[in-house]
Amino acid sequence: MQRVINEKGMIQELKIKNFLSFKDEVTFSFEATKDTFADEYQVVEVAPGVRLLRFAMVYGANASGKSNLLKAIEFLRSFWRKQARSIEETTSVIPFLFDKETRKEPSRFELVFYIGGVKYNYQLELDENQVYLEKLNYYKSVQPTMLFVRELKDNKSVITYNASVVKLSPTEKEKISVECLKNMSFFAALGKTNVGLPELNTVRGWMMTHFEKMVDPTLSLTESAEQKLSEDVVLKNYLVDYFRKANFDIIDIETQVFEERSIEIPLDPVKGEKHSLVITPKSYKTYFKHLVVNGDEKEGYRLPIDLESYGTRRIFGLASALYTAQTQESFIMVDEIEASLHPKFLEKLLFEYFKNKGQSQMLVTIHDDSLLDLVNDLIRKDSIWFTEKKASGTTDLYRLTDFKGLNRISSIRAAYRLGRFGATMK
């Protein structure tokens with residue numbers, strides 16, 4: 001099994017075609033414009049002249065395809081890891097289904113990213129049964145250099161390496177080839193081997209460690225946050241300070257850990273049954289200490305997390321997830337980030353994220369248009385994207401900065417509500 005290398009890097013752009021509601025090719029980009037607003041905190045120069053954003057948010061009507069952009073990246077994150085046990089398993093990719101032709105055609109993805117100042121281009125073409133193309137290039141100069149290309153020939157995956165860059169013995173090639181079933185990623189297969197490939201393991205390490213699991217409104221982050229809190233004193237102080245700055249009456253957070261235990265349960269000795277071993281998994285119990293005023297006195301009371309409001313629990317989990325993304329300089333996606341959050345706290349959440357510099361990136365979907373009033377106060381124009389559903393059921397994806405005359409608009413929020421940028425309810 002390959003050791004995972006933790007590498008820092010950032011996404012530049014993603015192209016998607018024939019996946020969920022994206023029938024036609026769309027391009028999402030983190031590349032910053034020449035706008036210098038909040039450069040110090042929201043823009044990272046990953047290579048000379050290459051400026052990438054740390055944050056982007058997507059507006060659009062319900063069912064317009066906002067979440068599908070996040071699901072495209074989540075699909076890649078999952079596919080890179082999925083180790084198929086047989087060729088009968090599906091790849092789990094879903095094409096555009098409202099068309100007789102696209103239902104039978106492969107889905108396509110193209111991801112451009114930087115690791116350690118080096119540009120990479122990754123391409124993937126697949127349907128629910130097999131991968132037709134998987135390719136990785138990198139740029140040591142203006143022209144791309146192919147590292148490997150994997151194609152489907154005679155119903156089998158055939159991998160071709162650039163012999164001048166990727167040094168492999170025939171035995172090592174065979175080992176990877178055997179593991180690389182036609183319905184799984186080359187990088188998942190590479191992870192099952194002990195083949196040392198610095199040029200490719202750097203990318204695999206980034207794929208394995210850089211992407212946090214997508215956060216949607218139904219995903220409970222509580223247990224994950226409790227586990228992190230029990231292991232990281234800095235996180236505890238960070239969260240307590242978070243709640244204090246947000247004007248909560250919470251002054252402390254305590255997580256108790258109940259370790260994994262093995263319990264022997266006696267059975268019927270007449271039948272020769274001595275005992276049964278039951279494993280109790282590790283669990284957590286978190287309490288929030290509140291400071292309240294009773295008469296002339298201030299008193300502290302502990303409240304278990306299950307009695308806290310859903311909003312408090314969501315803040316607890318979401319702030320913990322963003323802390324992890326910031327400290328590990330990873331990529332995080334949050335669907336409907338404003339769910340159960342007051343608009344002012346949402347502003348606070350983003351402010352705290354922005355002020356912690358680094359190469360973390362965050363992509364969110366949102367309905368709350370109040371943040372549009374903060375353009376050039378907190379939010380950059382080039383970080384705002386829109387999705388609009390066409391009559392054909394396909395999603396169109398475009399950027400606020402695609403529109404001309406933005407500097408002459410006194411209120412971006414008002415213009416959005418009036419339909420100036422589309423992406424609203426009809």
Side-chain angles (χ1 to χ4, degrees), residues 5-16 25-58 69-70 72-73 76-77 80 108-124 135-148 162 165 187 198-212 325-333 350 353-364 375-376 379-385 397-402 406:
I5 305 169
N6 191 352
E7 294 284 350
K8 294 180 182 179
M10 297 183 74
I11 296 172
Q12 182 177 21
E13 74 171 30
L14 172 67
K15 292 182 179 179
I16 311 163
E25 184 176 87
V26 297
T27 300
F28 169 80
S29 176
F30 273 109
E31 192 159 5
T33 63
K34 295 180 180 179
D35 187 356
T36 58
F37 171 72
D39 262 10
E40 184 180 358
Y41 297 95
Q42 298 188 38
V43 178
V44 178
E45 187 169 8
V46 293
V50 182
R51 293 157 29 86
L52 302 184
L53 297 169
R54 293 183 57 225
F55 173 76
M57 59 182 181
V58 187
L69 173 61
L70 277 59
I73 301 176
L76 290 175
R77 187 193 76 86
W80 292 329
R108 296 181 178 88
F109 304 86
E110 183 175 349
L111 185 68
V112 181
F113 53 95
Y114 280 80
I115 302 175
V118 178
K119 179 181 177 180
Y120 292 86
N121 178 288
Y122 171 79
Q123 299 172 45
L124 177 66
K135 184 177 182 179
L136 182 68
N137 294 334
Y138 79 153
Y139 293 76
K140 285 294 186 180
S141 62
V142 177
Q143 297 299 320
T145 298
M146 186 268 283
L147 290 172
F148 81 88
N162 184 337
V165 182
F187 291 100
E199 300 82 5
L200 297 179
N201 284 329
T202 293
V203 174
R204 179 179 172 269
W206 181 77
M207 290 174 168
M208 297 302 111
T209 63
H210 185 71
F211 293 81
E212 306 291 337
Q326 290 166 190
T327 54
Q328 297 185 2
E329 300 193 65
S330 55
F331 176 80
I332 187 169
M333 299 180 292
L350 295 181
Y353 172 76
F354 290 144
K355 80 176 189 180
N356 291 282
K357 300 178 183 180
Q359 294 189 27
S360 62
Q361 287 179 297
M362 176 163 52
L363 174 60
V364 307
V375 169
N376 286 347
I379 306 297
R380 289 174 57 101
K381 293 187 184 76
D382 53 7
S383 68
I384 300 170
W385 288 77
L397 175 69
Y398 53 95
R399 207 174 195 175
L400 175 62
T401 49
D402 291 343
L406 293 177

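Side chains are part of it too, since the values below use all heavy atoms of this structure and drop only hydrogens, waters and symmetry mates.
- Side chain to side chain, Glu13 and Thr27 fail the donor-acceptor criterion of an N or O pair below 3.5 Å.
- In this structure, OG1 on Thr209 lies 10.0 Å from CZ on Arg204, to the nearest 0.5 angstrom.
- The shortest side-chain heavy-atom distance between Phe37 and Lys381 does not fall under the 4.5 Å cut-off.
- A distance of 9.5 Å separates CG of Asn162 from CG of Asn137, quoted to the nearest 0.5 Å.
- Ser360 approaches Ala325 most closely through the heavy-atom pair CB-O, 3.3 Å.
- Under the 3.5 Å distance criterion, the side-chain polar atoms of Gln361 are matched with a main-chain donor or acceptor of Leu53.
- For Trp80 and Phe211, the ring centers are positioned less than 6.0 Å apart.
- Surrounding NZ of Lys355 are more than 12 heavy atoms belonging to other residues, nucleotides or ligands, all under 6.0 Å away.
- Under the rule for a ring pair (Phe, Tyr, Trp, His ring centres under 6.0 Å), the partners of Phe354 that lie at least two apart in sequence or sit in another chain are Phe55.
- The side-chain heavy atoms of Leu69 and Ile16, taken from C-beta on, include a pair separated by under 4.5 Å.
- Using a 4.5 Å heavy-atom threshold, the side chains of Arg399 and Trp385 count as touching.
- Between Leu14 and Glu110 the shortest side-chain heavy-atom distance does not fall below 4.5 Å.
- Counting heavy atoms from C-beta on, the side chains of Ile379 and Leu350 come closer than 4.5 Å.
- Looking at Glu329, its side chain does come within 3.5 Å of a backbone N or O of Gln359 through a donor-acceptor pair.
- Taken from CE in Met362 to CE in Met333, the straight-line distance is 12.5 Å, to the nearest 0.5 Å.
- The closest side-chain heavy-atom distance from Val203 to Tyr122 is not below 4.5 Å.
- Remark: Phe30 pairs with Phe28 by the ring pair (Phe, Tyr, Trp, His ring centres under 6.0 Å) rule, at least two apart or across chains.
- Summarising the geometry, atom CH2 belonging to Trp206 is positioned 12.5 Å from atom OH belonging to Tyr114; distances are rounded to the nearest 0.5 Å.
- Here CG of Leu147 is found 5.0 Å from CG of Leu136. Values are rounded to the nearest 0.5 Å.
- Closest approach of Ala32 to Asp382, counting heavy atoms only: CA-OD2, 3.6 Å.
- Annotation: the span from Leu124 atom CG to Lys135 atom NZ amounts to 13.5 Å, rounded to 0.5 Å.
- Taking both residues in full, the closest heavy atoms of Ala47 and Glu45 are given as O-CG, 3.2 Å, listed atom of the first, atom of the second, then distance.
- The shortest distance between side-chain heavy atoms of Asn376 and Asp35 falls below 4.5 Å.
- A salt bridge between Glu40 and Lys357 is present, with a side-chain N of the basic residue lying under 4.0 Å from a carboxylate O of the acidic one.
- Using a 4.5 Å cut-off on side-chain heavy atoms (C-beta onward), Tyr138 and Ile115 make no contact.
- Note on Asp39 versus Arg380: salt bridge recorded, some NZ/NE/NH1/NH2 to OD/OE distance being below 4.0 Å.
- Heavy atoms only, all atoms of each residue included: Val44 and Gly358 are closest at CG2-O, 3.4 Å.
- Each of Ile73, Asn121, Ile11 was checked for a side chain to side chain contact (heavy atoms under 4.5 Å, CB included) with Leu111, and the lone residue meeting it is Ile11.
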